[in-house]
There are 2 protein chains.
Amino acid sequence: MPYRETEHTLAKKADTRLRLLKAARRLVQQGGFTAASASAVAKESGVASGTIYRHFPNKSELVAEVFRYATEREVAAVAQACDAQTVDSQGLDSGKTAADKLTAAVETFAQRALLGRTLAYALIAEPVDPRVEQERLRYRFAYAEIFEDVIALGIQRGEFVAQNCQITAAALVGMLAESLVGPLKKEHAHEHDDLVRSLTALVLRAVGFNSSFKNRNKNKNK
Amino acid sequence: MPYRETEHTLAKKADTRLRLLKAARRLVQQGGFTAASASAVAKESGVASGTIYRHFPNKSELVAEVFRYATEREVAAVAQACDAQTVDSQGLDSGKTAADKLTAAVETFAQRALLGRTLAYALIAEPVDPRVEQERLRYRFAYAEIFEDVIALGIQRGEFVAQNCQITAAALVGMLAESLVGPLKKEHAHEHDDLVRSLTALVLRAVGFNSSFKNRNKNKNK
DNA sequence: GTCTATACGTCGATAGAC
DNA sequence: GTCTATCGACGTATAGAC
């Protein structure tokens, strides 16, 4: 009787793969990418080291996948922070301004990073394999796309000064990432709130937020 | 007669080392770090490939050294742009404002990058060996230190709003680096001037430049 | 400079799914 | 009976300690 792949075997295989990813992510969370050695991942996920290479062609690919797995959560959180409550449960526009959205995005990004410093540092700045660095570039662009929309909205609403959205969006990504690198390395970053406030202020200045803007169109869709 | 290192042999050795570095830098300039393979470097500098390893312990170290060699120029150019002409040949303060300095720094960084796009991309964003990535982190901090002084000056002079200089300085480094990544990859970036203008405006907004600032202390040291 | 530790990746054997 | 997943020791490269 010839061997065939069935639903069951495939599901099991996918399951093992996921276990490996989750185990690796835990290790990165605790000690950065350097802590996610092949043998450590194997141990953490309860398989033999050789098994890893039945699911990933090499270490770089495993790590790149872990990077995506972890970063996608962050991107999603920021994206959600921008859109959240723009439209409430009754389908009414809550009148969230572009400045509100941008502030929420910055706070979300920064606070998540500061609460999981090791993971954040690993995702943002830890020197890693070029293969993983490639993924970093992609995801920075993903963040930029989110910001771009918000900036365009802000300009359209007259909250922000006219500007090239793409440039500013990329710049915001750089600002956030780079300004967090230092604090993420230090041990006692208990001035979280100060830092977040500084960052939001900085970002709002950068986009040319007109602080006299009074949300003139508030509730215009009601 | 036992072999001894003489002045002459040492000088020759240093000379070869420098030739290797310069050759590698040329290659990076033309094709990024991927183009600077060991064999290519050997060919370009007219030595046998094995000779490289008499001057550098391994490829990573060679590349890291090239990175430093190239980046130090850039940092120096930016530092000089900040300080230039603050004091003229007669020892008189030319009254350069912090905004002037910051603008000069941004223009210098961006224009140099746009004129040597391949090299700039390699130094700023190309996925590279972790050993080299480590150097990137260092140099980003070097840039930040330059900016920090200028920002502190601007605050002190009342040109910029009060803020945490370290955070802003790091953020500026990130802004510049990240906003150039996209443009540096594209072929026809003939909107150089537009980009540079956008960047300077963005940076001045970020530091909270008070555009009504009239350089009240101009020439106060005359 | 040698020695030890640890890293990645491979391999033949084994167990088990089909 | 045929194929695959898993194991875990092993080969090889490299880094750090002494």
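- Residue K13(A) is classed as a sugar-phosphate contact, given heavy-atom separations below 4.0 Å to backbone atoms only.
- Contact annotation: R54(A) side-chain N/O to dA5(D) OP1/OP2 distance is under 4.0 Å.
- T6(A) has a side-chain polar atom (N or O) that falls below the 4.0 Å cut-off from OP1 or OP2 of dC18(C).
- As rounded to whole Å, 13 Å separates atom C1' of dT6(C) from atom NZ of K43(A).
- Between the CZ atom of R19(A) and the P atom of dC7(D) there is a distance of 8 Å, given to the nearest Å.
- With 3.5 Å as the limit, one finds a donor-acceptor pair spanning the side chains of S60(B) and D129(B).
- Listed pair S49(A) / dG8(D) fails the phosphate criterion, with no side-chain N or O lying under 4.0 Å from OP1 or OP2.
- The distance from atom OH of Y53(A) to atom P of dC10(D) is 18 Å, rounded to the nearest whole Å.
- Within the 4.5 Å cutoff, the side chain of Q166(B) has no heavy atoms near those of the E145(B) side chain.
- The shortest distance between side-chain heavy atoms of E133(B) and E133(A) falls below 4.5 Å.
- Contact check, T16(A) against dT6(D): a side-chain N or O comes under 4.0 Å of OP1 or OP2.
- Rounded to a whole Å, the CD atom of E5(A) is 11 Å from the C1' atom of dC18(C).
- Between L180(A) and F109(A) the shortest side-chain heavy-atom distance falls below 4.5 Å.
- As a whole-Å value, the separation of I52(A) CD1 from dT10(C) P is 12 Å.
- Of all nucleotides listed (dC8(C), dG9(C), dC7(D)), dC8(C) comes nearest to the side chain of A38(A).
- Within 4.0 Å of R4(A), counting heavy atoms only, lie sugar-phosphate atoms of the nucleic acid but no base atom.
- For H8(A), no side-chain nitrogen or oxygen approaches OP1 or OP2 of dA17(C) to under 4.0 Å.
- When side chains are defined from C-beta on, V196(A) does not count as touching V106(A), because their heavy atoms never get closer than 4.5 Å.
- Checked against dT6(D), dG8(D), dC8(C), the side chain of T51(A) finds its nearest nucleotide in dT6(D).
- Residue F56(A) contributes atom CZ, which lies 18 Å from atom C1' of dT10(C) at whole-angstrom precision.
- Straight-line distance from the CG atom of N58(A) to the P atom of dC8(C): 11 Å, rounded to whole Å.
- When the side-chain nitrogen and oxygen atoms of H55(A) are compared with OP1 and OP2 of dA5(D), none of them lie within a distance under 4.0 Å.
- Rounded to whole Å, atom P of dA7(C) lies 14 Å from atom CG of L62(A).
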